[in-house]
Chemist: 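A single structure is presented below for examination.
What you are looking at is a predicted structure, and each value in this text was computed from that prediction instead of being measured. All chains are named by letter (A, B, ...) in the order of the sequence lines, taking the proteins before the strands, and each is independently numbered beginning at 1.
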2 protein chains.
Amino acid sequence: MALFLSTFVNRIDKKGRTSVPATFRAALAAQAFQGVVAYRSFTNACVEGCGMDFMERLSDGAQGLDAFSAEQEDLSALIFADARQLPWDPEGRISLPEDILAHAGITDAVAFVGKGQTFQIWQPEAYRAVEAEIRARALASRPTLPLRPKIPAGG
Amino acid sequence: MALFLSTFVNRIDKKGRTSVPATFRAALAAQAFQGVVAYRSFTNACVEGCGMDFMERLSDGAQGLDAFSAEQEDLSALIFADARQLPWDPEGRISLPEDILAHAGITDAVAFVGKGQTFQIWQPEAYRAVEAEIRARALASRPTLPLRPKIPAGG
DNA sequence: TGGGATATCATGGGAAATCATGGGAGTCAA
DNA sequence: TTGACTCCCATGATTTCCCATGATATCCCA
């Protein structure tokens, strides 16, 4: 499975274009839609990013309504309504829409922050601040990551 | 699978025509019927829209039916009775019928709102209000979206 | 292991295509 | 004939494609 790792800071040019980090593009290379999907975070001043496959999984989840509460349905509806398909050009650049930029306070540079199966897009300074904060909290509380046992591949 | 994502606001011209967003057309491009299917929402002052394939799934009961609770049969019957096939012209525009416009309170502009496998058509102001409401509710209850585990591709 | 050659990547800008939109003219049915 | 509906052409703005460049990273061979 493709993972989004590391943090990359790229510029935005006069046309509003910014390069998607090459490793992120590689993680999405196998998908039908050649680009990223982005929607405004509900909880942070940042933009959530993922591949189309992730949206399809969201959609699959939303179809089986028994598993979904009314609130969850609302939430996924908001995500679909807010999400943009941002195809990249032959050089691997995307154009972030105006309201997306505004939501994250982005002007001339963006930080692509790997989150595993998804990533986030931040105004670089804003992310540095948030990261420091998270790091401080982690130091204090010592959280643990549950690891599910590796399923042995046959062979 | 093609998804309807994002929200687009387009005008209605003097002839009653409005452009279907290009990405929505792309999502329906593979289908036999080149256009959209629209029916009046039972629950909101808006119009439900989808492709012909979704209607076929409703008819099969294959997948769409769990989207409707107990009185599925009645509901889907109503849907079929109310649904219109709206083919788009060479420029990708459709003409929304009079009663559809009235139901949603649409006059001179419409908002196409992506909902994943379907979309909705709203009077733009009305949608903004509803969206704000949903967003507030979602923020308050902080629901989480269950993601079903990715099915590993063979290999 | 070192250094040059090559490939990759982020970035920049001009040209061409796409999209939403508007309106005239032809077509079909009542 | 009249009205509604299509098709066709036109347009401005935006977006996308294509070519170019410097810097960095990687590869290859001695």
Side-chain angles (χ1 to χ4, degrees), chain A residues 2 4-30 32-38 49 52 83-102 106-114 119 121-124 127, chain B residues 2 4-29 33-38 49 84-102 106-114 119 121-124 127:
Chain A
F4 300 103
L5 299 180
S6 188
T7 297
F8 302 88
V9 175
N10 288 338
R11 291 209 201 140
I12 296 184
D13 66 20
K14 279 181 270 184
K15 294 184 181 180
R17 299 175 301 186
T18 187
S19 291
V20 176
T23 58
F24 285 22
R25 296 205 301 270
L28 298 171
F33 173 64
Q34 285 296 289
V36 306
V37 175
M52 188 60 86
R84 329 289 161 93
Q85 303 181 47
L86 307 176
W88 52 60
D89 68 13
E91 284 73 39
R93 293 175 289 196
I94 57 174
S95 294
L96 293 168
E98 190 57 44
D99 58 341
I100 291 249
L101 294 176
I106 296 169
T107 55
D108 62 340
V110 298
F112 288 85
V113 181
F119 59 93
I121 299 174
W122 287 80
Q123 196 277 330
Y127 178 66
Chain B
F4 300 101
L5 298 181
S6 190
T7 297
F8 302 89
V9 175
N10 289 337
R11 293 214 198 135
I12 297 184
D13 66 19
K14 281 182 265 183
K15 296 183 181 180
R17 300 174 301 185
T18 187
S19 291
V20 177
T23 59
F24 284 23
R25 296 205 301 270
L28 298 171
F33 174 63
Q34 285 297 289
V36 306
V37 175
R84 336 285 161 93
Q85 302 182 49
L86 306 176
W88 51 60
D89 70 12
E91 282 73 39
R93 292 176 287 198
I94 57 173
S95 293
L96 293 168
E98 190 56 45
D99 59 340
I100 291 246
L101 294 175
I106 296 168
T107 56
D108 62 340
V110 298
F112 289 85
V113 181
F119 59 93
I121 299 174
W122 287 79
Q123 197 277 329
Y127 177 67

Chemist: Output all residues satisfying side chain to side chain donor-acceptor pair (under 3.5 Å) with A:R25, sequence neighbours left out; order by chain, then residue number.
Modeler: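 With neighbours one apart ignored, the set is empty.
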Chemist: Mind running a 4.0 Å heavy-atom check of residues 11-26 of chain B against DNA chain C and sending the residues that fall below it, in number order?
Modeler: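 The answer is B:R11, B:D13, B:K14, B:K15, B:R17, B:S19, B:V20, B:P21, B:A22, B:R25.
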Chemist: Could you tell me which residues satisfy side chain to side chain contact (heavy atoms under 4.5 Å, CB included) with B:D108, sequence neighbours excluded, listed by chain and number?
Modeler: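 Side chain to side chain contact (heavy atoms under 4.5 Å, CB included) check on B:D108 returns nothing, list empty.
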Chemist: Contact boundaries of DNA chain C with chain B (under 4.0 Å, heavy atoms), 5' to 3'?
Modeler: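 The contacted stretch runs from C:dC19 to C:dA25.
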Chemist: For a quick test of reading the model, state the closest non-hydrogen atom pair linking A:V9 to A:A111 and the distance between them.
Modeler: CG2-CB, 4.0 Å
Chemist: Does any N or O in the side chain of B:Q34 come within less than 3.5 Å of the main-chain N or O of B:A29, such that one atom is a donor and the other an acceptor?
Modeler: yes
Chemist: B:Q85: which residues meet the side chain to side chain contact (heavy atoms under 4.5 Å, CB included) condition with it, sequence neighbours left out?
Modeler: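 B:Q85 satisfies side chain to side chain contact (heavy atoms under 4.5 Å, CB included) with B:F33, B:M52 only.
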Chemist: Could you work out, with side chain to side chain donor-acceptor pair (under 3.5 Å) as the rule, every residue matching A:R93, not counting sequence neighbours?
Modeler: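 Listed in chain order: A:D89, A:E91.
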Chemist: Which is the 5'-most and which the 3'-most nucleotide of DNA chain D that has an atom under 4.0 Å from a heavy atom of chain A?
Modeler: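 Nucleotide range in contact with chain A: D:dT16 to D:dC19.
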Chemist: Kindly write out the residues that satisfy ring-ring contact (aromatic ring centres under 6.0 Å, His included) with A:F119, not counting sequence neighbours, or none if the list is empty.
Modeler: A:F4, A:F24
Chemist: Can you check whether A:T7 reaches A:F112 side chain to side chain, under 4.5 Å on heavy atoms?
Modeler: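 No, their side chains stay 4.5 Å or more apart.
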Chemist: In residues 84-101 of chain B, which ones come under 4.0 Å of DNA chain C, going by heavy atoms?
Modeler: B:E91, B:R93
Chemist: Kindly determine whether A:R84 and A:I94 satisfy side-chain contact (heavy atoms from CB on, under 4.5 Å), including the steps that lead there.
Modeler: CA-CA 11 Å; A:R84 329 289 161 93; A:I94 57 174; over 6 Å; no
Chemist: If a pair satisfies side-chain hydrogen bond (donor to acceptor under 3.5 Å, both in side chains) and one of its residues is in residues 14-23 of chain B, list it, with sequence neighbours excluded.
Modeler: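 Only B:D13-B:R17 qualify under side-chain hydrogen bond (donor to acceptor under 3.5 Å, both in side chains).
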Chemist: Identify the two heavy atoms, one from A:P124 and one from A:A109, that lie closest to each other, and give their separation to 0.1 Å.
Modeler: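 Scanning both residues completely, I find the closest heavy atoms to be CD-O, 3.2 Å.
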Chemist: To the nearest 10°, give me the bend of the helix from C:dT1-D:dA30 to C:dA30-D:dT1, comparing the axes of its five terminal pairs at either end.
Modeler: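 The value is 60°.
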Chemist: Atom CD1 of B:I106 and atom CD1 of B:I100: how far apart are they, to the nearest 0.5 Å?
Modeler: 8.5 Å
Chemist: Hey, are the side chains of B:V20 and B:L86 touching, using non-hydrogen atoms and a 4.5 Å cut-off?
Modeler: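 Contact flag for B:V20/B:L86 side chains = no.
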Chemist: Drop me the distance from B:S95's OG to B:L101's CG, to the nearest 0.5 angstrom.
Modeler: 9.5 Å
Chemist: On a heavy-atom basis, which atom in B:L28 and which in B:G35 lie closest, and how many Å separate them?
Modeler: CD1-O, 3.7 Å
